[in-house]
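Computed over heavy atoms, backbone and side chain alike; hydrogens, waters and symmetry mates excluded.
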Amino acid sequence: MLETKPLDQLPWSELGSGPILLLVAGQVQKEIDGKKGDGRLGERSRAFNRLLDTFLDTGTPATIRAEGPKVDVALMLNSAIDWTLLDDLDRDSPDDRIVAQGLHALVDHRSRLEILSHDMRPRHAARAHGMSAVKLPEHWLRPPAQTPEQREVARLQQQLRTATADQPRLEVELTPMGETPWTRPTVSAPADEDVSAVRNVLLRKHPRPQQGGWQFAHLDYDPDLAARHDRWSRRIVERDLPAMHLGLSRLLSQRRMRLVVRNVGPIPAEGFAVELRSGNVRLHADPYRVQVFGPPPPRRENPLMRMSRITGGVLRSPRRDQPFEVYRECEEPGPVLSWSCRSFRQDRELTIEISVELEERTGTTAQVEAVVTASNLKGDVRTQALVPVEHSVPTFAKAYDVERGGLSLLPPYTARKSEEDDEITTLNNDGTIAD
């Protein structure tokens, strides 16, 4: 009785069209009475006893439900029990005592009695002695009582909700994009003949320009072009081509990761800041590409183009006067990237995609952590992504087809300029940012 939902709310029609008389055996009434001081069941025990008091005062069953079907409750009396005739029942077992009392109930039609129980033991004992027994369905029962640990967790959660009622509620997701596990290739150094073949192709494709005569009179006269070409050819021969395998390894090790931050509460996050950190990969705010074969050869420049190159072009100071705009704080790739916003409003969602460069120190697992803070947030909100990494060691010839002049191993991600993402970092083979 005490472990079911409130009696007036039970679907009694599942037992029949009624009317139904609920008889409370003496053992059941004793157990209900013993729960009056129970913290969880005490109030229900006292309420049920008040219902039975009505029956004692009037001698008429108390009504639990007036219709649909009509359900009444009354105490059940029984005659003395001869336990020697019930040798398969244990008189010290509460379940067996309920069955024995039912077998000796002082009612007009004992054959119409049915034991209602969710437990197997009393139903089995009743049927063994010719009584009907009905299992109470799961949906008749109250939810299981919380354990002390669950109650403590609920109490702490309530305290947390109270303590953070005036703070923004932020959710953070950090997930790898594409298939996992990731693969980190380490391309072996090219053979001398491979370096020579690539060098010959580049120099044949971009021969040294010849200038002289009266070309100075033309607007496209570029007296420094040949010297710049000489510097370019020396650079690729001495610096870039011997390190082609490093650039290929870097290019083939680019993976992408997505960060999503949501303000799901009613309060804006003031002084909002997002930080991505890693101790074993290099983080790039923008996609990157690698000048595996060095920078492009110099081009002919007219005087205006030369002047712009010499003066460094037009420098603009970035504006940061929009309170709801998210600004990037770190321009250089490295172990930390960060963004900030003066006011990250409620119901707003921020999505950031970054490039992850796998390195030798990455080992078998790439680790990236996201930490979100705000001036009106106590503590921070953080999450971590751990991505399994496999290592491969392809030869240079397997990664790059010298004769065809193209990659044999395709990068898992290729940076392409678009309207949505027009910033791309260009790296040298050694990982430095290209001029």
Side-chain angles (χ1 to χ4, degrees), residues 178-179 181-211 222 224-256 280-282 284 286-301 333 355-364 366 389-417 424-435:
E179 296 182 356
W182 287 344
T183 300
R184 180 182 69 84
T186 300
V187 180
S188 60
D192 291 341
E193 55 268 26
D194 292 332
V195 175
S196 297
V198 174
R199 181 190 64 228
N200 293 337
V201 169
L202 288 175
L203 295 180
R204 187 167 54 249
K205 185 177 180 181
H206 305 288
R208 187 178 190 273
Q210 301 295 326
Q211 291 192 167
D222 188 347
D224 190 45
L225 179 59
R228 295 203 312 275
H229 188 278
D230 291 341
R231 291 194 295 270
W232 168 78
S233 62
R234 283 197 302 271
R235 168 182 166 147
I236 65 169
V237 170
E238 297 172 1
R239 172 181 172 182
D240 295 306
L241 300 189
M244 290 185 296
H245 60 296
L246 301 180
L248 283 176
S249 299
R250 205 173 299 278
L251 180 66
L252 296 172
S253 293
Q254 180 172 197
R255 297 297 189 278
R256 298 287 284 175
N280 68 355
V281 299
R282 192 182 189 199
H284 298 255
D286 297 315
Y288 69 85
R289 57 191 173 193
V290 184
Q291 295 182 152
V292 176
F293 309 108
R299 296 180 302 169
R300 188 181 303 277
E301 297 176 346
S355 281
V356 176
E357 181 183 342
L358 306 179
E359 301 181 310
E360 183 177 356
R361 61 186 175 136
T362 303
T364 59
V389 176
E390 298 176 347
H391 185 217
S392 66
V393 188
T395 63
F396 180 83
K398 185 176 180 180
Y400 182 77
D401 189 334
V402 177
E403 293 184 3
R404 183 174 57 88
L407 292 175
S408 300
L409 295 180
L410 297 180
Y413 176 79
T414 301
R416 295 184 178 88
K417 286 193 175 184
I424 297 176
T425 301
T426 301
L427 303 178
N428 297 312
N429 286 333
D430 60 2
T432 58
I433 297 178
D435 295 335

Practice item. With side-chain contact (heavy atoms from CB on, under 4.5 Å) as the test, would you mind laying out the steps for Y288 and I433 before giving the verdict? Key: CA-CA 10 Å; Y288 69 85; I433 297 178; over 6 Å; no
Q) Given D230 and R235, is the salt bridge (Lys or Arg N to Asp or Glu O under 4.0 Å) satisfied, shown in steps? A) CA-CA 9 Å; D230 291 341; R235 168 182 166 147; over 6 Å; no
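Sparse packing is recorded around CG of D192, with 12 or fewer heavy atoms of other residues, nucleotides or ligands lying under 6.0 Å away. Within a 6.0 Å radius of CD in E193, more than 12 heavy atoms belonging to other residues, nucleotides or ligands are found.
Considering L427, T426, T414 as possible partners of R289, the one that fulfils the side chain to side chain contact (heavy atoms under 4.5 Å, CB included) test is T426. Each of D194, L409, V198 was evaluated against Y400; a single residue qualifies, V198, per the side chain to side chain contact (heavy atoms under 4.5 Å, CB included) test.
Not a single donor-acceptor pair under 3.5 Å links the side chain of T395 to the backbone N or O of S188. Between the side chain of R282 and the backbone N or O of G431, at least one donor-acceptor pair lies under 3.5 Å. Between the side chain of D401 and the backbone N or O of L407 there is no donor-acceptor pair closer than 3.5 Å. T362 contributes a side-chain N or O that, together with a main-chain N or O of N280, makes up a donor-acceptor pair within less than 3.5 Å. With hydrogens and angles disregarded, no donor-acceptor distance shorter than 3.5 Å links the side chain of T432 to the backbone of N428.
Atom CD of residue Q291 and atom CE of residue M244 lie 14.5 Å apart, to the nearest 0.5 angstrom. The OG1 atom of T364 sits 13.5 Å away from atom CH2 of W182, with the distance rounded to the nearest 0.5 Å. Rounding to the nearest 0.5 Å places OG of S233 at 9.0 Å from CD of E238. Annotation: the span from L241 atom CG to I236 atom CD1 amounts to 5.0 Å, rounded to 0.5 Å.
Side chains of S355 and Q254: a donor-acceptor N/O pair is present below 3.5 angstrom, by distance only. Counted by atom type alone, R184 and T186 present one or more donor-acceptor pairs between their side chains at under 3.5 Å. Between the side chains of R208 and H229, no donor-acceptor pair of N or O atoms lies under 3.5 Å.
S249 is not listed as a side-chain neighbour of P185, based on a closest heavy-atom distance of 4.5 Å or more. Taking the side chain as every heavy atom from C-beta outward, K205 and L202 never approach each other to under 4.5 Å.
Ring-plane geometry between W232 and H206 is classed as perpendicular, the angle between the planes exceeding 60 degrees on a 0 to 90 degree scale with a lower cut at 30.
The nearest pair of heavy atoms linking P181 to V389 is CB-N, 4.5 Å. Closest approach of L358 and T183 over heavy atoms only: CD1-O, 3.9 Å. Nearest heavy atoms, L252 versus P412: O-CD, 3.5 Å. The two residues F396 and L248 make their nearest non-hydrogen contact at CE1-CD1, 3.5 Å. Summarising the geometry of A415 relative to P287, their closest heavy-atom pair is CB-CB, 3.6 Å, with the distance given to 0.1 Å. Contact between R239 and D430 at its shortest, heavy atoms only, is NH2-OD2, 4.0 Å.
At a threshold of 4.0 Å, the pair R199-D240 does not count as salt-bridged, since none of the basic side-chain nitrogens sits closer than that to a carboxylate oxygen.
Residues meeting the ring-ring contact (aromatic ring centres under 6.0 Å, His included) test with H245, sequence neighbours left out: none.
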